[in-house]
Amino acid sequence: MKFDTPATTNPIDQLKVIGKPVDRIDGPMKTTGTARYAYEQHEAAPNAAYGYVVGATIAKGRITGMELDAARRSPGVIAIVTAQNAGKLEKGDYNTAKLLAGPEVQHYHQAVAVVVAETFEQARAAAHLVRVSYAEQKGEYDLEKAKGKAQLPKKEDKPESKIGNFDSGYAGAPVKLDANYTTPDQSHAMMEPHASIASWDNGKLTLWTSNQMIHWGTKDMAKTLGIPVENVRLISPFIGGGFGGKLFLRSEALLAALGAREAKRPVKVNLQRALMFNNTTHRPATIQRIRIGATREGRITAISHESWSGDLPGGQPETAVQQTRLLYAGAHRLTRLKLAVLDLPEGNAMRAPGEAPGMMALEIAIDEMAEKLKMDPVMFRVINDTTSDPEKPGRKFSQRRFVECMRQGAERFGWNKRQAEPGKVRDGRWLVGMGVASAFRNNMVMKSAARVKLGQDGTVTVETDMTDIGTGSYTIIAQTAAEMMGVPLERVVVKLGDSTFPVSSGSGGQWGGNSSTAGVYAACVKLREAVAGKLGLDPATAEFVDGSVRAGGRSLPLKQAAQGGEVVGEDTMEYGDLDKKFQQSTFGAHFVEVGVDVATCEVRVRRMLAVCAAGRILNPKSARSQVIGAMTMGVGAALMEDLVVDKRRGFFVNHDLAGYEVPVHADIPHQEVVFLDETDPMSSPMKAKGVGELGICGVAAAVANAIYNATGVRVRDYPVTLDKLMSKMTISA
């Protein structure tokens, strides 16, 4: 099915199942421990041995020797795989560095070996006996020092954008801001580590793995091993969090496959937590410069956003300026991305790549500009709204309810009670402040396919290689099929995460929910046509209601169509150029209240509100969960998350969950989420858009702005830790 004209009325608009806050159908399995994750496929891969990964202890250089004899003699050891005996390995299309080092080492904790043994403990003990010799080379580990050598990235589609004449527009502005901001390296820190079980059968590999994008992983595994793609099967029915860290093939999956091939039996590899921070990907640090010029009435006339980030050779930048191209009006505009070569572990996508760190800076700058203008921060944002793409004025937004998000949020949060002058509100020893920030994330759609079957008992089964990373994919896909086929939810079975199923959008970029359900919609249209044909009814007028099919004054049971065997519908939702004709984005507003201890500078988030405009909300309950999870991550980004770089040796020092701080339940107050009632017919037949990443965009800045309102201390370098406040605090107890 080709989606190239705006959606009109269709069966989804009945909203009998879609749009309802139904419980997650995978919830009982997850809460009772019966959902089988990658490392728990004991019955599917019996007699599995255990692999333990050995990581490089240098950040850059070459392996000059490996002493493996002691490890081989260790009890229970079955095999040891290194680059020397792994055979020829290619690098996957989605990997920046090789997943198995040798002889070159490209980053700290890059895998150099996997030790396979009968038990996990035996594999771990033997791995500690592996001795590796290196010739270490000098590397680049400091973004600030490497900034001067940064270049416009060649792989980026649009690293620089110029509209009007920023220099003259900025120079002539009566009110100006020129400020620098930094965001640190951050880790995905998902609950389930990277884990895989591999098994070979007559040259064919089956891999039970924790992976967000099944098709990408299948292709890259085949390419890396140099085998036909049809000889690789990836299975990933449940994923315990990913946040972008499991978008691509990672080392534990490859090493499980290599270990299983060498051991001639299934091998399971669970990447130990202490290795994950340096071995896998992370959100890269940024240095950002923002300049804004405005009239005294608060109209932005010139805006510039420049960002510097680093990655391994061949890597990509953190696209932190993207939202600035679309969010606010202004005739004179300049945005620029610069990429430096750093020999740190691979930087790559983490929840809302680009917008999340970009808005951490932009939305503080907007607040600072409002203060210079002596304007309310909400009003400053509102008057600089735009109805069209500022870089392409002829291209309108498909939907843009940004102002409504701001105004409704301000009213619900009690923004009128905010004191503009910092440090004026106290609650005992706590200084209390309010902060606001815009939320923005582009809406992306991806080609997605599904297969839908009608069984003889009237059960509808959906098969697609879509994944559920805790986002509720099982449920919204079931809701889509139930709505389209006119059956209750309990008559729908959803099967996900298997590369033998039709290729879906996968989970990433907040495109998964809208795109995958649109693929199911397309397959259901095919199934409806087939069912109507079997029953001798007109497909164009047939209605699927309450387990029956009605047309031309006749009503027949749905399951009657499958009396001679199951009926199958399969299709792919593909997209035309509506996203080029209309700018498709999601919008929101974040409001935060904090308390800051006047003596210790301890920060406590007291309440939070997000108002979101993101198309049709397919399931308000699971969508709310996505947003509050994103808001929680935003609090972490604001107050604690910081992968600290050892700039001498080139590694992240705090590479575990003891040293890398993330929010816990006690850190998070009541969170309110409001979804505006919206449909976007330009997006898909579902008229939905993404929401899972919108919820993080702007949160950190809202927290930082609230801290400033409480204390009068402006921190431009994240995270906003108490030492940064204490050194500048002038308000006394």
Side-chain angles (χ1 to χ4, degrees), residues 147-148 150-152 156 158-182 286-308 319-338 354-355 357-397 400 402-403 406 420-422 436-438 440 583 585 587 698 701 704-705 708 714-717:
K147 178 186 170 189
Q151 303 289 324
L152 292 175
E156 183 63 26
K158 191 178 178 183
E160 184 177 72
S161 174
K162 296 179 180 180
I163 304 296
N165 188 321
F166 172 76
D167 289 336
S168 63
Y170 182 72
V175 183
K176 301 183 185 71
L177 171 77
D178 185 347
N180 293 312
Y181 306 85
T182 65
T286 68
I287 299 170
Q288 301 179 49
R289 182 189 184 190
I290 297 176
R291 288 173 287 171
I292 304 174
T295 67
R296 297 196 186 281
E297 294 73 36
R299 300 282 180 182
I300 294 174
T301 55
I303 185 167
S304 168
H305 192 166
E306 300 168 272
S307 178
W308 292 260
T319 55
V321 305
Q322 306 299 68
Q323 72 289 320
T324 308
R325 295 173 177 172
L326 292 162
L327 187 49
Y328 298 114
H332 305 288
R333 317 176 69 84
L334 167 66
T335 56
R336 182 182 293 131
L337 294 168
K338 288 285 191 77
E355 286 99 331
M359 296 192 74
M360 288 171 73
L362 175 64
E363 288 301 296
I364 291 182
I366 291 293
D367 253 47
E368 292 195 59
M369 194 65 184
E371 185 178 38
K372 281 178 174 286
L373 291 160
K374 296 181 171 53
M375 285 188 69
D376 179 84
V378 169
M379 183 54 63
F380 181 53
R381 289 169 169 86
V382 166
I383 69 169
N384 285 289
D385 185 37
T386 175
T387 58
S388 60
D389 179 346
E391 295 195 353
K392 300 175 183 176
R395 184 170 71 156
K396 299 291 185 181
F397 285 88
R400 184 178 169 113
F402 168 63
V403 170
M406 273 286 158
E421 186 178 348
V436 65
S438 304
F440 175 93
Q583 174 58 41
S585 305
F587 298 90
N705 291 336
Y708 174 74
R714 180 70 74 183
V715 179
R716 294 171 174 156
D717 302 300

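One is the number of the first residue; the rest follow in order along the sequence.
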Kindly compute the distance separating [atom1] ([X]) from [atom2] ([Y]), expressed to the nearest 0.5 Å.
| X | Y | atom1 | atom2 | answer |
| --- | --- | --- | --- | --- |
| Tyr170 | Lys176 | OH | NZ | 6.5 Å |
| Asn384 | Met375 | CG | CE | 7.5 Å |
| Asp178 | Glu368 | CG | CD | 10.5 Å |
| Asp389 | Arg325 | CG | CZ | 10.5 Å |
| His305 | Gln322 | NE2 | CD | 10.0 Å |
| Leu327 | Ser585 | CG | OG | 9.0 Å |

Would you name the heavy atoms of [X] and [Y] that are closest together and state the gap between them?
| X | Y | value |
| --- | --- | --- |
| Pro377 | Ala370 | CA-CB, 3.9 Å |
| Gly698 | Met359 | N-CB, 4.0 Å |
| Pro174 | Ala294 | CD-O, 3.2 Å |
| Ile364 | Ala704 | CD1-CB, 3.8 Å |
| Ser307 | Val321 | CB-CG1, 3.8 Å |
| Gly169 | His332 | CA-CD2, 3.7 Å |

Report the relative orientation of the aromatic rings in Phe397 and Phe587; use parallel for angles under 30°, tilted for 30 to 60°, perpendicular for over 60°.
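If you compare the ring of Phe397 with that of Phe587, the planes turn out perpendicular.
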
Heavy-atom neighbours of [X] [atom1] exceed 12 at 6.0 Å:
| X | atom1 | value |
| --- | --- | --- |
| Lys147 | NZ | yes |
| Arg395 | CZ | yes |
| Glu160 | CD | yes |
| Arg299 | CZ | no |

Using only atom types and a distance under 3.5 Å, with no angle test, would you say the side chain of [X] pairs donor to acceptor with the backbone of [Y]?
| X | Y | answer |
| --- | --- | --- |
| Asn705 | Ala437 | no |
| Arg400 | Thr386 | yes |
| Gln288 | Tyr181 | no |
| Arg336 | Lys162 | no |
| Thr182 | Asp717 | no |

Decide yes or no for [X] and [Y]: does some side-chain heavy atom of the first lie under 4.5 Å from some side-chain heavy atom of the second?
| X | Y | result |
| --- | --- | --- |
| Tyr708 | Pro422 | yes |
| Glu297 | Ile383 | no |
| Ile287 | Lys338 | no |
| Gln583 | Lys392 | no |

Derivation and outcome, side-chain contact (heavy atoms from CB on, under 4.5 Å), residues Phe380 and Tyr328
CA-CA 10 Å; Phe380 181 53; Tyr328 298 114; over 6 Å; no

Start with the C-alpha gap between Ile300 and Met369, add the side-chain angles, then the distance that decides, and say whether side-chain contact (heavy atoms from CB on, under 4.5 Å) holds.
CA-CA 10 Å; Ile300 294 174; Met369 194 65 184; 5.9 Å; no

Hey, is Arg381 close enough to Asp367 for a salt bridge, meaning N to O under 4.0 Å?
yes

Test side-chain contact (heavy atoms from CB on, under 4.5 Å) on Lys158 and Thr335; report intermediate values, then the result.
CA-CA 10 Å; Lys158 191 178 178 183; Thr335 56; over 6 Å; no

Using a distance-only test with no angle check, is there a side-chain donor-acceptor pair under 3.5 angstrom linking Asn165 and Arg333?
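No, no side-chain donor-acceptor contact under 3.5 Å.
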
I'd like to know whether Ile366 forms a side-chain contact (heavy atoms from CB on, under 4.5 Å) with Ile290, so could you lay out the CA-CA distance, the side-chain angles of the two residues, the decisive distance to 0.1 Å, and finally the verdict.
CA-CA 10 Å; Ile366 291 293; Ile290 297 176; over 6 Å; no

